[in-house]
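To start, the structure under review is shown below, and the notes come after it.
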There are 2 protein chains.
Amino acid sequence: MDEADGPRGSAGSVAFAPHDHARCRRAAIEDAQAHCKTAGLRLTPVRERVLEILLESHVALGAYDVLRRLTDEGAVPQPPIAYRALDFLVAHGFAHRIEKLNAYVACTAPCERHDPVFMICRDCRAVAELPSAPIARDLEREAARIGFDIGRTVVEAEGLCPSCRVGETA
Amino acid sequence: MDEADGPRGSAGSVAFAPHDHARCRRAAIEDAQAHCKTAGLRLTPVRERVLEILLESHVALGAYDVLRRLTDEGAVPQPPIAYRALDFLVAHGFAHRIEKLNAYVACTAPCERHDPVFMICRDCRAVAELPSAPIARDLEREAARIGFDIGRTVVEAEGLCPSCRVGETA
DNA sequence: ATTAGAGATGTGATGATATAACAATCGAAA
DNA sequence: TTTCGATTGTTATATCATCACATCTCTAAT
Ligand SMILES: [Zn+2]
Ligand SMILES: [Zn+2]
Ligand SMILES: [Zn+2]
Ligand SMILES: [Zn+2]
């Protein structure tokens, strides 16, 4: 595996490992642009700008954090501006909502249909996105047993990322 | 297995199956009372009343739903009343918070340390609580791979419960 | 009995997150 | 160029959660 690989094709979490994040961002934006083009979706300026804001790091941002960052650049947009852009990005898989934090992160494995697993650092709010295949299987098996029909899943583990573990209070 | 079994010892979800719910409630309250006694915790009137409210069904209630139910019975308590009681119940495992709904359910497998799996009906908000052992193992394995130290986990599947599946829009 | 301290509750205010409603604008296509 | 659906702008409001501080209530020394 190429150590400089972008998000796609990487086996696991890019978020907690040192990587060429500039490339990471560029790839995600270009993915989104390409996917929108082929799927007939409109990646409008606001939507693209919000995606860029989320892509500045792998840290989860609240809707009002995003809003403040938009504000910094001139006018004073209202909450629906941020929520609508975030809803679009989440609906089409360019970003994910982290329920535990009421916050949002850019997707690091875009353009696939997935309900990923998230590992969320309680110190720095960095979020690693992992494929959910084995866990999804477990959930499906349990669901079948009780006659439950699964739509979407939320799988989030909260804890400490490798960086924040060093020097943590024993 | 005794078909009239209470929550403890039942292999799976009591919430979606017909069962003697009066017994279910009574057992949960008595469990809480007993556990508080032995653990030196104070199951005060407000806390017990909130637990009873949650135990009226296996449907998740928001903090303000609980608050309204308390209100029905006389005075007009303020939000912290409900949140403090819910925090106590969650902290000691008598109830769980459902992140996806910003809501709370009574625990149906009390007095064990657990981060269960929840199956949440999007129609009726009923919540089934399942043991999480296999999924927890998967998560630990993935976490170890990327150097992440898991504290707590949130595993919630949203979908349709058996009752709400019948006659659903194809 | 008295009293100090911890835990729990009552109460008002505020913070944080999210959506409703409707007008104005834009863009693709007829 | 007209039309219509999607998007954005804007005001207001709904929903979820916590802060701060006074009061009360147990308990356990003294
Ligand atoms: Zn990156
Ligand atoms: Zn961290
Ligand atoms: Zn029951
Ligand atoms: Zn249901």
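We name chains A, B, ... by the order of the sequence lines, and we start the count at 1 in each one.
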**OP:** At the 4.0 Å heavy-atom cut-off to chain B, mark where contacts on DNA chain C begin and end, going 5' to 3'.
**Re:** dA8(C) to dG12(C)
**OP:** Please state whether the rings of F94(B) and H35(B) are parallel, tilted or perpendicular, taking 30° and 60° as the class boundaries.
**Re:** perpendicular
Subject >> With sequence neighbours excluded, residues passing ring pair (Phe, Tyr, Trp, His ring centres under 6.0 Å) with F148(A) >> reply: F16(B)
Original post:
Quick one: ring pair (Phe, Tyr, Trp, His ring centres under 6.0 Å) partners of F118(A), sequence neighbours excluded?
Top reply: H96(A)
**OP:** Start with the C-alpha distance between R49(B) and E52(B), add both sets of side-chain angles, then the distance that settles salt bridge (Lys or Arg N to Asp or Glu O under 4.0 Å), and finish with yes or no.
**Re:** CA-CA 5 Å; R49(B) 188 69 198 94; E52(B) 278 167 357; 3.2 Å; yes
Original post:
How far apart are the closest heavy atoms of A109(B) and C107(B), and which atoms are they?
Top reply: N-SG, 3.2 Å
Subject >> Letter per nucleotide, 5' to 3', of nucleotides 10-20 of chain D [B base touched, S only sugar-phosphate touched, - untouched; heavy atoms, 4.0 Å] >> reply: BB----BBBBB
Subject >> E140(A) and R137(A) ion-paired at < 4.0 Å >> reply: no
**OP:** Salt-bridge test for D138(A) and R141(A): reply yes if a basic N is under 4.0 Å from a carboxylate O, no otherwise.
**Re:** yes
Original post:
Between D65(A) and R68(A), does at least one N-O distance fall below 4.0 Å, as a salt bridge requires?
Top reply: yes
Show every donor-acceptor pair shorter than 3.5 Å between a side-chain atom in residues 149-162 of chain B and any protein atom, with sequence neighbours excluded, or say none if there are none.
{"from": "R152(B)", "atom 1": "NH2", "to": "D115(B)", "atom 2": "OD1", "distance (Å)": "2.5"}
{"from": "E156(B)", "atom 1": "OE1", "to": "K100(B)", "atom 2": "N", "distance (Å)": "2.8"}
{"from": "E156(B)", "atom 1": "OE2", "to": "E99(B)", "atom 2": "N", "distance (Å)": "2.7"}

Original post:
How are the rings of H58(B) and H19(B) set relative to one another: parallel (under 30°), tilted (30 to 60°) or perpendicular (over 60°)?
Top reply: tilted
Original post:
Which residues, if any, of residues 37-46 of chain B bring a heavy atom under 4.0 Å of DNA chain C?
Top reply: R42(B), T44(B), V46(B)
